[in-house]
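When a residue number appears, it is its place in the shown sequence, counting from 1.
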Amino acid sequence: MSILRFEHVRREVGTFVILDDVTSAIAHGERVGLVGVNGAGKTTLLRLAAGLDEPDAGRVERKRGLRLGMLAQETNLDERFTVASTLRAAVRAGAAETERLEVELARLEAAGAEAVSSVRYAELRHRFEVLDGYALDLRVDEALSGLGFDREQWARPPTGLSGGEQTRAALARLMVADPDLLLLDEPTNHLDVAALEWLELALSRRSRALLVASHDRAFLDAVVGRIWELRDRRLETFRGTYSAYAVQAAERDEQLRRQAESTQDAAAREAELVQNYRSHRNYAKMHEHERRLAAIQQVDAPRPGRRLKLPQGGLVGGGPVRSGDVVVSVRDATIGFPPEPGAAAGTPVLRVPRLEVRRGERVGIVGPNGAGKTTLLRTVAGELFPLDGIVSLGHGVQLAYLAQLREAAFPGETVLDALLDRVDIGQGEGRGYLARFLFRGEDVFKPVSELSGGERSRLELALLGISPANLLLLDEPTNHLDIPAREALEAFLRDSPATLLIVSHDRRLLESTCESLWVVEEGSGGQPGAAVAFDGGWREWRAGVAAGWTMAGALELESRRLSGVPVSVTRAAVAGANRAPDDRRPDAPGRNGRRADGEPATPAEARGADRTRPAPHARPAPLSKDAYRRQKAVVDADLTRLGLRKSHIELALGDPAVQTNFVELRRLTSELVDVERALSAAEDAWLAVEERAPR
């Protein structure tokens with residue numbers, strides 16, 4: 001049974017038709033993804049579903065008593081949210097009916113046994129249980145921690161939230177409210193990796209209906225089971241995730257193209273026969289073929305969508321020169337902001353032991369919001385100077401930097417002015433260049449102040465590509481871009497010979513483009529955060545985290561490697577820091593002559609595997625008494641330290657406050673795995689030392 005139905009809905013603004021003859025429905029518990037290019041009408045459809053707008057024709061039917069909640073792209077918090085004393089209270093107020101029942105039940109319980117035994121009390125309690133009222137506080141805590149709010153923020157008033165925090169708070173409130181139909185418009189904006197993964201899990205566990213508009217393909221694959229596509233003012237439905245839809249849509253377009261070609265050929269043949277029989281005055285045959293021609297139902301071939309065509313060479317200056325082997329080098333650096341006037345020292349954000357990018361590498365910078373990713377990229381770009389250490393660019397590096405905050409005014413009043421003020425070319429050449437970025441015809445004369453978020457992003461990309469560059473620094477380059485534009489950008493980056501350094505939360509972009517990562521972790525307790533290299537892509541990193549990879553372990557391994565101290569005891573503690581989760585690269589040969597992915601090893605790989613096989617066990621030479629005493633003291637100290645840390649973590653995991661904090665629970669669980677591995681390695685080291693005890 002449907003809870004929301006569109007019947008022949010038409011919506012227009014002035015003379016422009018946004019939606020035309022839209023008919024579809026959502027059933028109870030159905031999760032639907034809404035896709036389409038920017039401007040296709042996704043937000044309009046969501047507003048019609050929510051009852052915020054009315055259709056110009058047709059009707060929108062909702063089930064009687066339907067509880068409905070909507071998250072808009074531009075969050076406008078209502079008065080009840082802003083007047084709440086704390087952020088937690090504001091989010092909890094999303095479950096208004098549950099809170100009202102809670103107060104009423106408490107009043108009846110205070111009235112005595114007679115009130116508790118009444119029919120009214122039984123009805124209220126049943127409704128309270130249906131709404132899962134006893135777990136309300138747990139759901140509030142899970143939503144706040146899962147969407148990235150620290151416990152310190154819970155007690156603060158909600159009026160001090162930034163724009164991105166307001167969106168996350170509104171989303172947390174909706175998740176607590178748990179309406180019958182949840183409408184989300186680009187909910188992944190402003191979410192980091194941890195919050196994205198929590199939201200995906202929470203939405204997939206919901207038993208109620210969902211309609212979500214998003215350009216995040218990985219998010220749609222994880223959450224929805226059906227796709228609505230808005231195209232040319234019409235809506236078409238597809239079964240399955242976004243990936244399944246992409247295949248079906250491509251097959252549909254190809255079939256429509258073949259049908260269009262077939263009907264055009266048939267119509268051309270019939271028209272030719274009509275003319276032939278007319279010239280021969282065979283009117284009977286002529287009229288017969290005229291009827292056949294009229295009976296042919298023309299099929300329109302799908303119009304090719306407007307796609308970005310990013311040029312590999314710059315608008316001026318030809319192609320980029322070849323840079324040196326080392327393109328970016330960061331050594332023993334403290335990254336942060338310079339001191340304020342009158343202050344003695346700056347504000348450190350990150351401490352970086354060593355990071356390096358070589359020519360042609362594609363590196364993604366990942367980490368939670370506010371950890372310092374943009375600060376690190378700005379330092380590489382030269383906008384900020386390191387507070388300490390060295391951040392340098394290699395020989396012959398020509399960089400281009402796309403900033404995340406794109407609120408600065410462009411030169412000139414129109415799109416074309418913004419380009420011509422940056423480069424001395426003619427209007428014709430400038431318009432041809434802008435057409436590659438979908439500014440065609442009168443679009444080039446559109447005032448910059450009236451550009452949408454997606455149009456501003458395309459103009460930024462156009463200005464970025466004026467001069468050739470062999471190092472591209474991109475900070476959230478897919479912000480505000482629709483799916484076709486994202487795919488065009490990914491194709492451009494894959495084919496680009498430039499070295500890439502990309503900050504992004506777009507998992508598909510990271511998967512398809514970046515071969516390695518810089519992982520950034522936020523500092524705590526007044527201490528700056530840290531950044532470390534990970535030798536692997538997005539999937540390998542997430543698999544490594546699930547298998548126990550931690551920043552602390554990776555930093556310890558990096559520190560020992562740089563200082564030259566043996567790492568035999570600690571290496572197991574960071575196993576997987578720079579490897580696949582099974583401690584072997586997928587293409588590494590095993591002892592059976594095959595690689596981990598099942599393919600036969602090459603002779604060179606097999607020879608390399610043979611060299612790594614352990615030699616037959618022989619009792620090692622005994623240590624001197626002094627060497628034995630020193631090594632045993634080191635291992636004993638490691639065993640004591642790791643054993644104590646394991647006990648502390650296990651005690652913390654039993655704390656109810658930790659169990660309701662999604663972020664802290666995951667951090668401690670991951671650290672426990674790390675400590676247990678290090679403890680096992682220390683025990684092995686203890687046995688190895690004992691085996692070499694003096695005789």
Self-check item: Asp141 and Arg88, any side-chain heavy atoms less than 4.5 Å apart
Solution: yes

Exercise. Kindly say whether Leu510 contributes a backbone atom to a donor-acceptor pair with the side chain of Thr513 at under 3.5 angstrom?
Key: no

Self-check item: N/O donor-acceptor pair under 3.5 Å between Asp221 side chain and Ser243 backbone
Solution: yes

Quiz item: Does Glu200 pair with Arg507 as a salt bridge, N-O distance under 4.0 Å?
Solution: yes

Quiz prompt | Stepwise ring-ring contact (aromatic ring centres under 6.0 Å, His included) test for Tyr134 and Phe128 | solution = CA-CA 8 Å; Tyr134 292 109; Phe128 187 73; 4.9 Å; yes

Practice problem: Test side-chain contact (heavy atoms from CB on, under 4.5 Å) on Arg168 and Leu191 and set out the steps. | Solution: CA-CA 8 Å; Arg168 288 190 283 126; Leu191 298 186; 3.5 Å; yes

Quiz prompt | Any side-chain heavy-atom pair of Leu138 and Leu136 under 4.5 Å | solution = no

Quiz item: What are the two closest heavy atoms between Leu350 and Ala530, and how far apart are they?
Solution: CD2-N, 3.6 Å

Exercise. Using a 4.5 Å cut-off on heavy atoms from C-beta on, say whether the side chain of Trp518 contacts that of Leu501.
Key: yes

Self-check item: Validation row: Pro528, Val349 side chains within 4.5 angstrom (heavy atoms)
Solution: no

Self-check item: Asn189 side chain near Thr167 side chain, heavy-atom distance below 4.5 Å
Solution: no

Quiz item: Above 12 or not: heavy atoms from other molecules or residues under 6.0 Å from CZ of Arg539?
Solution: no

Quiz item: Closest heavy-atom contact between Leu199 and Pro187?
Solution: CD2-CB, 4.4 Å

Quiz item: In Å and rounded to the nearest 0.5 Å, what is the CZ to CG distance from Phe149 to Leu87?
Solution: 5.5 Å

Exercise. Would you name the heavy atoms of Asp178 and Arg208 that are closest together and state the gap between them?
Key: OD2-NE, 3.1 Å

Quiz item: Any Lys/Arg nitrogen of Glu30 or Arg226 sitting under 4.0 Å from an Asp/Glu carboxylate oxygen of the other?
Solution: yes

Exercise. Show your reasoning for whether side-chain contact (heavy atoms from CB on, under 4.5 Å) applies to Leu384 and Phe337.
Key: CA-CA 7 Å; Leu384 295 172; Phe337 299 99; 4.0 Å; yes

Quiz item: Please walk me through it: do Leu182 and Leu174 pass side-chain contact (heavy atoms from CB on, under 4.5 Å)?
Solution: CA-CA 8 Å; Leu182 186 57; Leu174 281 173; 3.9 Å; yes

Donor-acceptor pairs under 3.5 Å, side chain of residues 365-373 to any protein atom, not counting sequence neighbours: which ones?
unit_1	atom_1	unit_2	atom_2	d
Asn369	ND2	His190	O	2.9
Lys373	NZ	Gly367	O	3.1
Lys373	NZ	Pro368	O	2.9

Quiz item: Considering residues at least two apart in sequence or located in another chain, which fulfil the side-chain hydrogen bond (donor to acceptor under 3.5 Å, both in side chains) criterion with Glu99?
Solution: Arg92

Quiz item: Which pair of non-hydrogen atoms, one from Phe534 and one from Trp549, has the smallest distance, and what is that distance?
Solution: CD1-NE1, 3.7 Å

Quiz item: Is a side-chain N or O of Ser680 found less than 3.5 angstrom from the main chain of Glu676, in a donor-acceptor match?
Solution: no

Quiz item: Side chains of Arg351 and Gln527: does their closest heavy-atom pair fall under 4.5 Å?
Solution: yes

Exercise. For Glu104, enumerate each residue passing the side-chain hydrogen bond (donor to acceptor under 3.5 Å, both in side chains) test, keeping only those at least two apart in sequence or located in another chain.
Key: Arg107

Quiz item: Partners of Glu356 by side-chain hydrogen bond (donor to acceptor under 3.5 Å, both in side chains), sequence neighbours excluded?
Solution: Arg358

Quiz item: Under 3.5 Å, is there a donor-acceptor pair between the Asp388 and Thr334 side chains?
Solution: no

Quiz item: Where is the tightest heavy-atom contact between Val380 and Val391, given as atom of each residue plus distance?
Solution: CA-CG1, 4.1 Å

Practice problem: Indicate yes or no for a side-chain donor-acceptor contact from Arg31 to the backbone of Val223 under 3.5 Å, with no hydrogens or angles considered. | Solution: yes

Exercise. Rounded to the nearest 0.5 Å, what's the gap from CG on Asp535 to CH2 on Trp541? Could you check?
Key: 15.0 Å

Exercise. Could you tell me whether Glu102 and Arg127 make a salt bridge, using a distance below 4.0 angstrom between a side-chain N and a carboxylate O?
Key: no

Quiz item: Between atom CZ of Arg378 and atom CD1 of Ile335, what is the distance when rounded to the nearest 0.5 Å?
Solution: 12.0 Å

Quiz item: How would you list, by chain and number, every residue that makes a side chain to side chain contact (heavy atoms under 4.5 Å, CB included) with Asp150, sequence neighbours excluded?
Solution: Gln153

Exercise. Hey, could you give me the CD/OG distance between Glu186 and Ser214, rounded to the nearest 0.5 Å?
Key: 5.0 Å

Exercise. Please examine the side chains of Val212 and Phe219, heavy atoms only from C-beta on, and report whether any two atoms are closer than 4.5 Å.
Key: yes

Exercise. Indicate yes or no: at least one non-hydrogen side-chain atom of Leu509 is less than 4.5 angstrom from one of Ile502.
Key: yes

Quiz prompt | Derivation and outcome, salt bridge (Lys or Arg N to Asp or Glu O under 4.0 Å), residues Arg205 and Glu142 | solution = CA-CA 14 Å; Arg205 287 176 173 174; Glu142 286 180 348; over 6 Å; no

Practice problem: List for me each residue that meets side-chain hydrogen bond (donor to acceptor under 3.5 Å, both in side chains) alongside Thr374, sequence neighbours excluded, and say none if there are none. | Solution: Gln404, Asp475

Quiz prompt | Interatomic distance, Leu144 atom CG to Met175 atom CE [nearest 0.5 angstrom] | solution = 12.0 Å

Quiz item: Do you know which two heavy atoms are closest between Asp180 and Ile3, and how far apart they sit?
Solution: O-CD1, 4.0 Å

Practice problem: Take Leu211 and Ile26, measure what side-chain contact (heavy atoms from CB on, under 4.5 Å) needs, and give me the verdict at the end. | Solution: CA-CA 8 Å; Leu211 177 60; Ile26 295 178; 3.9 Å; yes

Practice problem: Could you grab the distance from atom CG of Leu517 to atom CZ of Arg542, nearest 0.5 Å is fine? | Solution: 10.0 Å

